[in-house]
Amino acid sequence: MSQRLLVTSALPYANGSIHLGHLVEYVQTDVYVRFRKACGDDVTYVCAADSHGTPIEVNAAKAGVTPKAFVEKYRAEQHEDFRRFGVDFSTYYTTDSEENRRWAYRVYDALKAKGLVYKKSVEQLYCETDRRFLPDRFVKGTCPVCKTPDQYGDVCESCGTTYDPRDLVEPYCAICRSKPVIRTSDHAYVNLRKPEVFSVIEGWVNGEGHLVPSVREQVKGWLADLQDWCITRDEPYFGFPVKDPDFAGKYLYVWVDAPIGYLSSAEHYFAAEAPEGRRLAPAEFEARYLAPGAASRMEHFIGKDILRFHAVFWPAMLWATGLKLPDRMPVHGHLTVNGEKMSKSRGTFITGKTYLDSGLDPELLRYFYASNLSPGIYDVDLSLDEFRNRVNADLVKRIANLASRVHALVAKLPGELSRPAGVDTGHDLQRAAERAVQTARDAYRELEYRTALRAVNDLADAGNKALQERKPWEAPDSAPSRALLYDLTKALHAVAVALAPVLPRFCGALAAALGDVPLAWPEGFTPFDGRPVRFAAKPPQIAPVDAKQVARLIAAAPEAPKAPAKVAKAASPSETATKVSAKAAPPPPGVIQYDDFARVELRVGLVKAAEKVEKADKLLKLAVDVGEPEARTIVAGIAQAYPDPQALVGRRIVVVANLAPRALRGITSQGMLLAAGEPPNLSVVTVADSIAPGTRVK
RNA sequence: GGUGAGGUAGCUCAGUUGGCUAGAGCGAGGGUCUCAUAAUCCCUAGGUCGGGAGUUCGAUUCUCCCCCUCACCA
């Protein structure tokens, strides 16, 4: 029976690019959405850029653009990145919209009407230079416990202590470095302990199917000691100003209007973006999707870092507003790379673009994620070796290869291929295929992707095994051979259907090759429909992934690590503002193998020209001869150490020649040079004049 | 420190009411076919089931203590 669903992924903050950590969630959600659509369900997949908050306001100002323009740039970029990974949103809107403004006020008013909002005076650090209150991430200082300098206002990255920003020793503003003062401000708080709202939250958390048990336990732990929630922020802020005269001059906290963005973006989709036949006026949309008891499911896919907002505050907001509560909230873990947190200094902070630039097929990442995803809250580890093994073993050697084998054999047969009656091939592929499809169907629904993909692989195993045992190439046109090849072709149809949510493009091509077979996945689906089979084309192939290719993901990191920085350098506000955990890397001994070193291609380069980069204090643009027909352009942050760039011309320096190109100040840098020290006491590494440009350094 | 989740073969994980010689996939080692992208298929690998104690005829599966990892919170 067809169901109506509203599915969401968390809204990415419009302050940076999409990275592989984001993609875990969007791939998980997209696979589910595609699966449900194939099943015939009516699915709307809503997402948007989370566009408000202090970091965006500050970074936009720094960039000299309006917050709206700033946000739109990232919104468009994110949407495009997602598209290239096959994430097929119905809409990718923004929380800075008129629809969201309307919804946000409505929710605020509803909370107020329920008597849940009260005023409380709080002390905060205030920067008199910037004339603003400083959020935790915008004040730094010395940890009051372990005395490590330059720690954020909420937590020490060295000793892990969390504290109040007011406890920092020698606090300073992360924007202008001046010393903040303490000021008080009146804010709006939501009383979540009031019995009527508390019982709603508790009831939802304990509701069947809403949260998996381990997540439920976590949330119940919070409920035992529930704090009230501050829902306003001081100006300057980028967001919706509170209309309530009790809180004049305040703005709604970004975490209030962000989840509301699910509703407003969906409303916008149905009102303005949906195909003609699917358009709905806002009132109609609300009645069909949001009203209590509406015949529609609402499912929110989120990461574990934002569970509190979604599992505690969000049900309260929905309830107060008189809307239905979510039907399911799948929570996934974070992404690690080679077993560790993504880290810029280690080069494992991989953006979607870096992945795409490496030349790897985005669908391979989808497959790897899916093969490691379960409904649980486990972290997914992108081990580069594991990634390569998984793809090569499953997709290349097993599945694509089976299609290739079957096609080659069938292509040699004359005419159409029908199933000869009464032939026992010794392998019940029909039963195997139908069972695999059923197993996968149940598994996708429960987000047990690992199980679903296991079932598909088992089916392909059975196919390869049958070929191996029956050897149809020995008597291609015999009845047993024809029967087996017929069954195998049908089994491939099952593979295409069951794999399509994860690999839509590959499976689309496979289905086309099988003669435009449908990829719909109705209840009880079986590819054994009795129709003759005929390949329309060669099935799609998948190139094996080699180690060099995946190594590029890391080698292509923006900045090669030199020495692991002991203390995070005074990061720019844009870095402090990112939602990505920027915890200091534990300093491991970091012993590497020779092969690791050999991947870095160091060459001698002769500096042919050098000049300052306009509007950049630290950058020099060099033309360097590294033994290639054309000199390379290299942009390096060494200007402070070389006030006269001409001094560099004629020097023989050492260049990392296989570093992925990267744009700096609009100039594409085709490598980096080695230098010792920190500016201004910095020196580029040079070699004797007797060494020719292009010579390998090792 | 509090709360929660985990710690099973090199890796990723299954093990739903305690019980046959603890399983799968990948990797690794050996063998094999040759239709297929040097792809397949077969065999093998012996992991104190984090450590200790207890309950029991018997515990990876129950209880207690400890160690370690992760997340959230103060």
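Treat the numbers as computed from the prediction; the structure is a model and nothing was measured. Within every chain, numbering begins at 1; the chains are lettered A, B, ... in the order of the sequence lines, protein sequences first and strands thereafter.
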Distance, [atom1] atom - from [M] to [N], rounded to whole angstrom:
{"N": "B/rC64", "M": "B/rA22", "atom1": "P", "answer": "27 Å"}
{"N": "B/rG29", "M": "B/rU69", "atom1": "P", "answer": "34 Å"}
{"N": "B/rG15", "M": "B/rG1", "atom1": "P", "answer": "32 Å"}
{"N": "B/rA39", "M": "B/rA45", "atom1": "C1'", "answer": "24 Å"}
{"N": "B/rU63", "M": "B/rU21", "atom1": "C1'", "answer": "29 Å"}
{"N": "B/rU61", "M": "B/rA53", "atom1": "P", "answer": "14 Å"}
{"N": "B/rG2", "M": "B/rC20", "atom1": "C1'", "answer": "45 Å"}
{"N": "B/rG50", "M": "B/rC13", "atom1": "P", "answer": "15 Å"}

Identify the nucleotide, in any strand shown, that forms a Watson-Crick or G-U wobble pair with [N], with both distances under 3.5 Å; if there is none, say none.
{"N": "B/rG25", "answer": "B/rC11"}
{"N": "B/rU32", "answer": "none"}
{"N": "B/rA38", "answer": "none"}
{"N": "B/rC20", "answer": "none"}
{"N": "B/rU61", "answer": "none"}
{"N": "B/rC70", "answer": "B/rG4"}

For this session: Answer yes or no for A/Arg328 and A/Tyr32: cation-pi contact, defined as NZ/CZ to six-membered ring centre under 6.0 Å and angle to ring axis within 45°.
Result: yes

Is [Y] close to [X] at the side-chain level, that is, under 4.5 Å between some pair of heavy atoms?
{"X": "A/Val219", "Y": "A/Leu307", "value": "yes"}
{"X": "A/Leu335", "Y": "A/Tyr369", "value": "yes"}
{"X": "A/Trp229", "Y": "A/Asn191", "value": "no"}
{"X": "A/Val410", "Y": "A/Tyr486", "value": "no"}

Exercise. Would you say A/Arg454 reaches B/rC13's phosphate, i.e. side-chain N/O to OP1/OP2 under 4.0 Å?
Worked result: no

For this session: State whether A/Lys465 places a side-chain N or O below 4.0 Å from either non-bridging phosphate oxygen (OP1 or OP2) of B/rC42.
Result: yes

[options]: which one has an atom nearest the side-chain heavy atoms of [X]?
{"X": "A/Glu386", "options": "B/rC72, B/rC35, B/rU12", "value": "B/rU12"}
{"X": "A/Trp473", "options": "B/rU34, B/rU3, B/rU37", "value": "B/rU34"}
{"X": "A/Arg390", "options": "B/rC35, B/rG25, B/rU37", "value": "B/rG25"}
{"X": "A/Ser214", "options": "B/rA5, B/rC26, B/rU40", "value": "B/rA5"}
{"X": "A/Ile542", "options": "B/rU37, B/rC72, B/rC35", "value": "B/rU37"}

Problem set entry | From A/Arg193, A/Lys194, A/Lys120, residue fulfilling salt bridge (charged side-chain N to carboxylate O under 4.0 Å, His left out) relative to A/Asp228 | A/Arg193

Grab the [atom1]-[atom2] distance between [X] and [N] for me, whole Å please.
{"X": "A/Arg308", "N": "B/rC72", "atom1": "CZ", "atom2": "P", "result": "10 Å"}
{"X": "A/Arg388", "N": "B/rC11", "atom1": "CZ", "atom2": "C1'", "result": "13 Å"}
{"X": "A/Asn401", "N": "B/rC41", "atom1": "CG", "atom2": "C1'", "result": "12 Å"}
{"X": "A/Lys397", "N": "B/rG25", "atom1": "NZ", "atom2": "P", "result": "15 Å"}
{"X": "A/Arg405", "N": "B/rC33", "atom1": "CZ", "atom2": "P", "result": "14 Å"}
{"X": "A/Asp385", "N": "B/rU12", "atom1": "CG", "atom2": "C1'", "result": "13 Å"}
{"X": "A/Lys471", "N": "B/rC33", "atom1": "NZ", "atom2": "P", "result": "9 Å"}
{"X": "A/Leu307", "N": "B/rC73", "atom1": "CG", "atom2": "P", "result": "10 Å"}

If you look at every strand shown and take non-hydrogen atoms under 4.0 Å, does [X] touch a base, only sugar-phosphate, or nothing?
{"X": "A/Glu217", "answer": "sugar-phosphate"}
{"X": "A/Leu402", "answer": "nothing"}
{"X": "A/Asp461", "answer": "sugar-phosphate"}
{"X": "A/Pro544", "answer": "base"}

For this session: Let me know, please, whether A/Ser404 or A/Ile377 comes out on the 5' side of the other along RNA chain B by nearest nucleotide.
Result: A/Ile377

Exercise. Pick the nucleotide of RNA chain B nearest each of A/Ser374 and A/Gln227; which residue has the one closer to the 5' end?
Worked result: A/Ser374

Exercise. How are the rings of A/Trp314 and A/Tyr262 set to each other: parallel, tilted or perpendicular (split at 30° and 60°)?
Worked result: perpendicular

Exercise. Are A/Glu434 and A/Gln438 close enough that a side-chain donor and a side-chain acceptor fall under 3.5 Å?
Worked result: no

